[in-house]
J.: 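After the structure tokens below, expect a handful of questions from me.
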Amino acid sequence: MNNNVLIGYKQRDNFVDHLTGTTKLIGLIALSVIGMVSFDTRFLLVLTIGSLALFRLSGIKFHEVSFILSFITAFSVLNLIAVYIFGPQYGVHLYGSEHVIWQGVGPYNLTWEQLFYEFNLFLKYIFTVPLALVFLMTTNPSEFSSSLNRIGVSYRISYAVSLALRYIPDVQNDYRQISKAQQARGNEISKKGKLTHRVKAAAQILLPLIFTSLDRIETISQAMELRRFGKLKKRSWYAEKPMKRSDFAALMVIALVVVIGICLFKLNAVRKDP
């Protein structure tokens, strides 16, 4: 797998890569949920620092995920703007006070409470994105499917998710090949061309890309049907890893973080009571 892949698994020799898919899946779900329901800024800052440190330890290079990070950053900024447009006073209702910075029209007053609320939202985005990228780029798709099956998900669904993750790099490579073929025919879709021409040329790539993906789906489904996939209620997994001491240690740390988040949530709720 080359370094230009948008999102895809690449084997790395580090602590994160050696953890089982089950541990990483539980950690992603547990930390994401506790972070999303918490509005304690101190707790969110700790989660953000830990998430960025984990991203650094995972060995993922910035250029490998620069495009997706740029896209998510733009989407996050638009979401923060939309939050203010549709709920300009939500921070005031949440914190029970109002300190106006700028007097606007109607309910659109800029308050410290709203800025503080949106800052907490921004921290949520920052810590969840590296966690998701670490999980996706350090977990073998086959091991991920076995992890889903281990926590109770049907192996049919687990295998479908595995196939989707496994063929994301293939779809990207198909896109690049079709793009180069289009450019060889005179369709300029690089940064040198005009935006309108680039959008039109990119749209012309979608149709052959869809047909290529459908052919791949047909081939895979026929192969699975010939091997009588789904006949039995259970199956074994070749890529399944046994739990090690590092996994249990990581799960203990995750559980401790979740417990601290729950305690802070209850403590902050008590402080708000009259």
J.: Return the set of residues passing ring pair (Phe, Tyr, Trp, His ring centres under 6.0 Å) with Y117 (not counting sequence neighbours), or none when no residue passes.
T.: F39, Y90
J.: Verify, without hydrogens or angle tests, whether Q89 (side chain) and T111 (backbone) share a donor-acceptor contact under 3.5 angstrom.
T.: no
J.: Taking side-chain contact (heavy atoms from CB on, under 4.5 Å) as the test, write out the residues that go with V129, two or more places apart.
T.: L69, I72, L133
J.: Could you list who else is in M36's hydrophobic cluster, with ILVMFWY side chains joined at under 4.5 Å, directly or through other members?
T.: none
J.: What distance do I254 atom CD1 and T23 atom OG1 have between them, rounded to the nearest 0.5 Å?
T.: 7.0 Å
J.: Apply side chain to side chain donor-acceptor pair (under 3.5 Å) to N79 and list each qualifying residue two or more places apart in sequence or on a separate chain.
T.: Y125
J.: Would you please name every residue forming a ring pair (Phe, Tyr, Trp, His ring centres under 6.0 Å) with F75, sequence neighbours left out?
T.: none
J.: Can you name the residues that form a side chain to side chain donor-acceptor pair (under 3.5 Å) with S246, not counting sequence neighbours?
T.: none
J.: Just to verify, what does T22 make a side-chain contact (heavy atoms from CB on, under 4.5 Å) with, not counting sequence neighbours?
T.: T20, I26, S147, R150, I151
J.: Any chain of hydrophobic side-chain contacts (each under 4.5 Å) joining V37 to V46?
T.: no
J.: Indicate yes or no for a side-chain donor-acceptor contact from K24 to the backbone of T138 under 3.5 Å, with no hydrogens or angles considered.
T.: yes
J.: Got a sec, which residues hit ring pair (Phe, Tyr, Trp, His ring centres under 6.0 Å) with F71, two or more places apart in sequence or on another chain?
T.: none
J.: Report the hydrophobic cluster partners of L115, with the cluster defined as I, L, V, M, F, W, Y residues connected by side-chain heavy atoms closer than 4.5 angstrom, directly or transitively.
T.: V77, I81, Y84, I85, F86, I101, W102, Y108, L110, W112
J.: Has S51 got a side-chain atom pairing as donor or acceptor with T48's backbone, closer than 3.5 angstrom?
T.: no
J.: With sequence neighbours left out, write down each residue that passes side-chain contact (heavy atoms from CB on, under 4.5 Å) with F248, or none if nothing qualifies.
T.: M243
J.: What residues, two or more places apart in sequence or in another chain, satisfy side chain to side chain donor-acceptor pair (under 3.5 Å) together with T128?
T.: none
J.: Would a 4.5 Å heavy-atom cut-off, applied to side chains only, mark F15 and L19 as touching?
T.: yes
J.: Taking side chain as C-beta onward, heavy atoms only, is L25 less than 4.5 Å from T139?
T.: no
J.: I'd like to check the side chain to side chain donor-acceptor pair (under 3.5 Å) partners of H93; sequence neighbours left out, ordered by chain and number.
T.: none
J.: How many angstroms lie between CD1 in I34 and CD1 in I262, if you round to the nearest 0.5 Å?
T.: 5.0 Å
